[in-house]
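Working notes, structure below.
If you're wondering where the values come from, they're calculated on a predicted model, not measured in any experiment. A, B, ... follow the sequence lines: proteins, then strands. Residue 1 opens every chain.
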2 protein chains.
Amino acid sequence: MHHSRLAGFIIDCKTPDLEKAAEFWSAALGMELKPKEQESSPLYRQLMTGPDGLHIEVQQVSHESRVHLDIESDDIEAEVKRLEKLGAKRVQSIHTWCVMEAPTGQRFCVVRPQRTGIAAKENQRE
Amino acid sequence: MHHSRLAGFIIDCKTPDLEKAAEFWSAALGMELKPKEQESSPLYRQLMTGPDGLHIEVQQVSHESRVHLDIESDDIEAEVKRLEKLGAKRVQSIHTWCVMEAPTGQRFCVVRPQRTGIAAKENQRE
């Protein structure tokens with residue numbers, strides 16, 4: 001039996017200047033940026049939401065700007081299959097995550113656990 | 001001095017069948033739907049996120065499907081002005097809220113307080 005839940009969302013920004021984009025969203029949402037030297041990729045800046053907060057990141061992308069949701073799971077393949085049964089489509093696997101498309105058209109990602117406590121939450125509806 | 005913070009996000013769905021869209025997102029995210037008879041508009045279905053959770057709704061729209069963020073404030077005009085100084089643009093006022101566009105292109109809304117406790121949070125950076 002696997003677990004999954006909303007991890008948070010990613011603010012995808014089509015911009016040559018990730019720092020400027022991250023500064024805007026940090027100020028707009030009133031959330032400090034995680035120190036740059038703690039980031040594992042130059043394409044992301046994480047917003048600090050507190051220990052129980054959602055995982056929110058500003059990402060530099062080449063496609064049009066948007067906001068996408070992330071679903072975290074301790075078994076990505078099982079979660080992708082569950083979501084396929086609900087009507088979502090598998091778009092692409094990238095590194096450790098899977099990009100999917102909802103029946104209503106939004107792209108979203110199934111990712112490894114981003115926050116603590118995922119085992120307390122189960123999505124078993126199919 | 002006004003207050004503002006992230007209220008949550010709206011899953012905008014270009015669909016003739018809001019119920020079906022809401023059922024998908026409810027099952028995908030593992031969040032129950034607020035009873036339909038408690039909804040104040042036929043265009044929205046709210047997801048139940050718990051007392052401290054973000055405000056999440058599925059909305060039937062005529063534009064392309066997307067996800068948009070809401071910023072809640074106890075003074076919408078002051079908040080819109082603050083966000084304009086940060087580089088966002090005012091797009092349209094609708095009912096009680098204001099649609100804005102981020103410098104990075106995403107549309108988002110400034111709305112009246114959706115959750116309790118907003119006075120504890122201030123966004124004063126400009």
Side-chain angles (χ1 to χ4, degrees), chain A residues 3-15 17-18 20-32 47 49 52-54 56 58-61 64-71 73 79 82-83 85-88 100-108 110 121-126, chain B residues 3-15 17-18 20-32 47 49 52-54 56 58-61 64-71 73 79 82-83 85-88 100-108 110 121-126:
Chain A
H3 307 88
S4 69
R5 64 178 178 185
L6 175 69
F9 56 84
I10 310 292
I11 304 174
D12 292 332
C13 297
K14 185 180 183 180
T15 175
D17 191 342
L18 174 63
K20 194 173 168 189
E23 282 295 337
F24 168 78
W25 286 106
S26 167
L29 301 179
M31 297 171 181
E32 295 298 315
L47 298 179
T49 56
D52 298 322
L54 289 181
I56 305 178
V58 180
Q59 179 184 199
Q60 185 173 0
V61 299
E64 290 306 304
S65 288
R66 59 187 177 219
V67 174
H68 81 254
L69 303 182
D70 275 354
I71 292 174
S73 180
E79 178 64 7
R82 185 184 76 89
L83 292 160
K85 286 184 189 166
L86 292 173
M100 300 193 76
E101 186 172 298
T104 45
Q106 297 91 346
R107 295 278 170 102
F108 63 97
V110 180
K121 181 73 178 66
E122 290 169 22
N123 279 347
Q124 288 303 319
R125 277 166 66 194
E126 290 182 352
Chain B
H3 307 88
S4 69
R5 63 178 177 185
L6 175 69
F9 56 85
I10 311 292
I11 304 173
D12 292 332
C13 298
K14 185 180 184 179
T15 174
D17 192 342
L18 174 63
K20 195 173 167 189
E23 283 294 337
F24 169 79
W25 285 106
S26 167
L29 301 179
M31 296 172 182
E32 295 298 316
L47 298 179
T49 56
D52 298 322
L54 289 182
I56 305 178
V58 179
Q59 179 182 199
Q60 185 174 359
V61 298
E64 290 306 303
S65 289
R66 60 188 176 218
V67 174
H68 81 254
L69 303 182
D70 275 354
I71 292 174
S73 179
E79 178 65 6
R82 185 184 76 88
L83 292 160
K85 284 183 190 166
L86 292 173
M100 300 193 76
E101 186 172 297
T104 45
Q106 297 91 345
R107 295 278 171 101
F108 64 96
V110 180
K121 181 72 178 70
E122 290 169 20
N123 278 347
Q124 289 303 318
R125 277 166 65 195
E126 290 180 352

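When heavy atoms are compared at a cutoff of 4.5 Å, Asp12(B) approaches chain A solely by way of its backbone atoms N, CA, C and O.
Summarising the geometry, atom CD belonging to Glu79(A) is positioned 11.0 Å from atom NE2 belonging to His3(A); distances are rounded to the nearest 0.5 Å.
In terms of heavy-atom pairs under 4.5 Å with chain B, the best-connected choice from Pro103(A), Gly105(A), Ala21(A) is Pro103(A). Chain A forms the most heavy-atom pairs under 4.5 Å with one residue out of Ser65(B), Ala88(B), Gly87(B), and that residue is Ser65(B). Between chain A and the options Leu69(B), Thr15(B), Leu83(B), heavy-atom pairs under 4.5 Å are most frequent for Leu69(B).
Contacts of Phe9(B) classified as ring-ring contact (aromatic ring centres under 6.0 Å, His included), with partners at least two apart in sequence or in another chain: Phe9(A). Applying the salt bridge (charged side-chain N to carboxylate O under 4.0 Å, His left out) criterion to Lys20(A), with sequence neighbours excluded, gives no partner residue.
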Begin from the C-alpha positions of Gln106(A) and Cys13(B) and carry the test side chain to side chain contact (heavy atoms under 4.5 Å, CB included) through to its verdict. CA-CA 8 Å; Gln106(A) 297 91 346; Cys13(B) 298; 3.6 Å; yes
